[in-house]
Amino acid sequence: MLPKYDIIVVGAGHAGCEAAMAAGNLGSRVLLITMDLNKVAEMSCNPAIGGIAKGQITREIDALGGFQALVTDKSLIQYRMLNRSKGPAMWSPRAQSDRVEFARAWRTYLESNPNVDLFQDLVIDLTIENEIITGVTTRMGFKFSTKSVILTNGTFLNGLMHIGKIQIKGGRAGDSASTGLSEKLRNYGFNIQRLKTGTPARLDGRSIDFSKMEEQPGDEGGGVFSYLNEGKHIDKQRSCFIVYTHSGVHEQLRTGFEFSPLFNGTIKSIGPRYCPSIEDKIITFADKDRHQLFLEPEGRDTVEYYINGFSSSLPWDVQVKAMQLIPGLENVKIFRPGYAIEYDFFDPTDLHYTLETRFIENLYFAGQINGTTGYEEAAAQGLIAGINAHRKNNDLPAFILQRDQAYIGVLIDDLITKGVTEPYRMFTSRAEYRILLRQDNADERLTPLGKNIGLVKDDRWQQFNEKYERIEELLKLIKGFSVSPDQINSYLEEKGTPGIKQKSKIEKVLLRPQVRLEEIIALITNNIYPKEIRDSVEIKIKYEGYISREKNSAEKITKLGRILIPENLEFSQFKSISTEGRQKLNKHKPKTIAEASRISGVSPADINVLLVFMGR
C-alpha cells in the first residue's frame, strides 16, 4: 500500500524544490517526483542567479524563508551588484554559481527535510474526481494519493528540441519529454499553448584565448544573497569575460538561415523578447554591427564556459564556424551545441492568485508551465504554490502578496490579470512601486509575513530583529546629531558641494548626493555598524520623500482593492464599457476594482463605469 501524501510536487526544478521545501517546513507531508534525482535544481541555462529585478525576487524568496539565496551562497563563485551608478531602487544583486555545487546544495536541503520524500519517476497521469485532484500515476505504474498536486514541469511538457534540421523530443539536453498531462488537462478546459526558449553552446575553456577579451571580475569584497549570511563573503571569485560579435560573424551565421527552424517555419511558437537567439538579433537589429557576449564559468573547478548572448538553433557546424571568427575563440571547441526548445504552457489567467487552477480544485501550477522564464520567477511561484497548497489543506487563509509588497506580487498579478504572449521575465520597470521594493529591504517587507505564516524560523527572526534594532539606533543617532562648519566643510569642498554656514543637522547634509554616510559616520559615532546597516540607513534618509510619496500612492490603490465586485456580476450589461473591456472582465472575473484596473484591455473609462455602478 503506497502512502498518502498531503502534497505531491511534480518536477524538481527551481519551482518544484521551493514548493516542496516550503510545504514540508510548514508541516505538510510532501512527495517530490522527478525523472532524474541526479538533476535536482539543474541550472539548465546560464549558471547564474539574480540580475535586474531577478535579484530582488531571490532576496524576497529568502526573506520569506525560501532557499534559493542560501543555495546560491553555498555555490557562489562570483558576486556583483548591478546598477550601482543608479538609484538604490535599481540595484540588483547577481551571482555566478558552480552548477554542480548548486544542485548538490539543493539536494542536501531537500534530504534534510523530514517531511519531504523524493521519488524518481515520470508522472504520466492525474487522478481527478468530480473536478478535484486526488492523485498521480507514474510511468512505472505507481499510483500515489494526495490532497493537492503542484505541477512544475518546466519545459518538459511535450518538449521538442531543435538544432538545425534535427529535432529531438525532450525537455532538456539528455532528458526525455513529458507527455500525456497536456492532453489530459485540455479536456478540462485549460488553454494550452506553445512557447520557445533556447540555450547557447557550452565551450571548452582550454581552447579559449582570454587575453583577447575584457575581464569582468566580481565586486571587490564580494557579497552574498541570503540575509542569514550578511557580512560574509567568498575568498576567491572567478571572472567572467566580455567579447563582441562583428559583421563577419553575422555573415557566417546567415549562411545557415535556410536551415534555421526559426526562419523556415518549423518553429511557430514565440520566444523570449529579452533573451533572443543570436540569429534573431541579427534580423531584428540589422543596423547593429556587433553584439555583446559574456563568457561565464560553469563552476569553480571546471573548464566549461557558457557563452551568454549566443543562444542558437542553427546547425552545430554553423554555430562553431561563426564563434571561431570571434576574437579569442579562433580555436574554440564545444562541449555541446546550442539548441532551441518548444514546450507546452498553460494560460496563467486560468489560475487563482494562490496559483491554484480555476478548473480543478487543489491542482496548482508553478514555473515555466505558467509561461514565465528564469530560475528566479520559477522559484518564487513554487514558494507561493507550496505555501498556499499547505494552507488550503489546513483551512487557513490564502497567502497573497500585493504589488506594493513584493516583486513576487507583481509577477503573479501580471500573470493572472494579463496572461502572456511570450515568455515572461521580470524587470524593475514592471513594478510601479520599485522605490518600495528594493533589494536591501526585502527582509523588512516580508520577513514578518514569513514569520506570521510559520515559514521563518527562530534563528532568522532573531537576526532580523537584531538588525533592525541597530538600524533604528543609527537612525536615531543621525536625526539627533548636528555638525558645525569647521567639522565638515573641508569634506564637502573635497566632494565638490558647498560648505555649510552654520551648525546644521547631519541628516540634512546627508541628503546631498555627493555625501556618503560611510565617509562621515566617524563624526557621529565611534560604534561600528556593518555595511548593510549603513547602506539601509543612508537609503532611508536620502529617499525618505520618495518613499513616503510612493507609500501614499500605494495606499490609494489599496483602497480600490477594498472595493469588492459582486461575485456573479455580468459585465455584458454595461454598454458603456468597451467591447474588449466587457470580454476581458467576463473572462477574468476580477474580485476587486484594483484587479479589474490591471487587466490588459480594461481602460480607466471602463473602471469609472464600474465605480459609478457601485455607487462610488
Side-chain angles (χ1 to χ4, degrees), residues 10-11 13-16 35 44-45 122-126 151-173 175-200 259-280 283-284 311-314 338-351 355 357-360 363-375 377-378 381 411 414-416 418-425 587 600:
V10 179
H14 303 267
M35 64 174 64
S44 304
C45 204
L122 181 66
V123 171
I124 60 170
D125 199 8
L126 305 174
L151 293 185
T152 69
N153 299 74
T155 59
F156 286 81
L157 290 177
N158 292 321
L160 182 63
M161 295 179 287
H162 301 267
I163 307 172
K165 291 183 177 180
I166 300 171
Q167 294 183 355
I168 304 168
K169 289 184 178 180
R172 179 173 55 209
D175 293 314
S176 61
S178 173
T179 58
L181 295 184
S182 295
E183 293 73 18
K184 172 95 175 185
L185 292 173
R186 185 175 279 112
N187 295 329
Y188 285 85
F190 287 94
N191 178 11
I192 302 172
Q193 301 174 44
R194 300 280 280 177
L195 285 176
K196 175 201 82 84
T197 189
T199 190
F259 308 109
S260 169
L262 277 180
F263 301 136
N264 63 19
T266 304
I267 293 178
K268 296 182 172 63
S269 46
I270 298 173
R273 178 190 303 266
Y274 301 103
C275 188
S277 66
I278 188 66
E279 52 263 42
D280 262 338
I283 296 297
T284 306
S311 173
S312 179
S313 61
L314 290 168
Y339 61 87
I341 180 169
E342 291 185 285
Y343 57 95
D344 290 350
F345 82 101
F346 294 80
D347 183 350
T349 63
D350 291 334
L351 299 174
L355 299 182
T357 69
R358 294 179 183 270
F359 303 134
I360 298 175
L363 175 63
Y364 298 77
F365 293 164
Q368 283 182 280
I369 193 173
N370 290 334
T372 61
T373 181
Y375 310 139
E377 291 89 342
Q381 294 170 71
L411 163 68
D414 279 354
L415 294 176
I416 303 305
K418 300 176 182 177
V420 297
T421 55
E422 60 189 47
Y424 179 102
R425 70 158 290 178
K587 177 184 178 183
S600 176

Student: Which residues pass the salt bridge (charged side-chain N to carboxylate O under 4.0 Å, His left out) test with R358, sequence neighbours left out?
Tutor: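 Listed in chain order: nothing, the list is empty.
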Student: Can you tell me how far apart CD1 (I168) and OH (Y339) are? Round to the nearest 0.5 Å.
Tutor: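 I168 atom CD1 to Y339 atom OH measures 9.5 Å (nearest 0.5 Å).
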Student: Which heavy atom of E342 sits nearest to which heavy atom of T266, and what is that distance?
Tutor: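 Looking at all heavy atoms of both residues, the shortest contact is OE1-O, 4.1 Å.
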Student: Do F365 and F190 have ring centroids that are under 6.0 Å from one another?
Tutor: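 Aromatic pair counts; centres sit under 6.0 Å.
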Student: Under the side chain to side chain contact (heavy atoms under 4.5 Å, CB included) test, which residues partner S311, sequence neighbours left out?
Tutor: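 In terms of side chain to side chain contact (heavy atoms under 4.5 Å, CB included), with neighbours along the sequence ignored, S311 is linked to P200, S277.
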Student: If every non-hydrogen atom of T155 is compared with every non-hydrogen atom of Y343, which pair is closest and at what distance?
Tutor: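 Residues T155 and Y343, closest heavy atoms: O-CB, 3.4 Å.
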Student: Quick one: pull up CG in N370 and CG in L415 and give me the separation to the nearest 0.5 Å.
Tutor: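 Taking CG in N370 and CG in L415, the distance rounds to 6.5 Å.
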Student: How close do L126 and V123 get, counting heavy atoms only, and between which atoms?
Tutor: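 Shortest heavy-atom contact: CD2-CG1, 4.4 Å.
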Student: Rounded to the nearest 0.5 Å, what separation is found between the CD1 atom of I360 and the CG atom of L151?
Tutor: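 Reported value, rounded in 0.5 Å steps: 9.0 Å.
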Student: Check side-chain hydrogen bond (donor to acceptor under 3.5 Å, both in side chains) between T199 and all other residues, then give those that pass, not counting sequence neighbours.
Tutor: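 For T199, the residues satisfying side-chain hydrogen bond (donor to acceptor under 3.5 Å, both in side chains) (neighbours in sequence not counted) are R202.
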Student: Run through V10, L122, D344 and flag the one making a side-chain contact (heavy atoms from CB on, under 4.5 Å) with S178.
Tutor: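 Among V10, L122, D344, the one that satisfies the side-chain contact (heavy atoms from CB on, under 4.5 Å) with S178 is L122.
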Student: Can you tell if the side chain of P423 reaches within under 4.5 Å of the side chain of T197, non-hydrogen atoms only?
Tutor: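 No, too far: nothing below the 4.5 Å cut-off.
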Student: Do you know the tightest heavy-atom contact between Q368 and F345?
Tutor: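 Closest approach of Q368 to F345, heavy atoms only: O-CB, 3.8 Å.
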Student: Identify, with sequence neighbours excluded, every residue that meets salt bridge (charged side-chain N to carboxylate O under 4.0 Å, His left out) alongside K184.
Tutor: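 Expected list: D125.
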Student: Do E279 and S313 pass the side-chain hydrogen bond (donor to acceptor under 3.5 Å, both in side chains) test, and can you show the C-alpha distance, the side-chain angles, and the key distance before you say yes or no?
Tutor: CA-CA 8 Å; E279 52 263 42; S313 61; 3.2 Å; yes
Student: Taking only residues two or more places apart in sequence or in another chain, which ones pass side chain to side chain contact (heavy atoms under 4.5 Å, CB included) with S44?
Tutor: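 Applying side chain to side chain contact (heavy atoms under 4.5 Å, CB included) to S44 gives E42, R172.
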Student: Can you name the side chain to side chain contact (heavy atoms under 4.5 Å, CB included) partners of T284, sequence neighbours left out?
Tutor: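 Residues passing side chain to side chain contact (heavy atoms under 4.5 Å, CB included) with T284: none at all.
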Student: Quick check for you: to the nearest 0.5 Å, what is the distance between L160 atom CG and K196 atom NZ?
Tutor: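 Taking CG in L160 and NZ in K196, the distance rounds to 12.5 Å.
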Student: What are the two closest non-hydrogen atoms of G419 and D347, and how far apart are they?
Tutor: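 That would be CA-OD1, 4.3 Å.
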Student: Hey, which of L411, L195, D414 is the one that makes side-chain contact (heavy atoms from CB on, under 4.5 Å) with T372?
Tutor: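 Answer after filtering L411, L195, D414: L411.
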Student: Kindly give the heavy-atom pair with the smallest separation between I163 and L314, and that separation in Å.
Tutor: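 Heavy-atom minimum between the residues: CG2-O, 3.7 Å.
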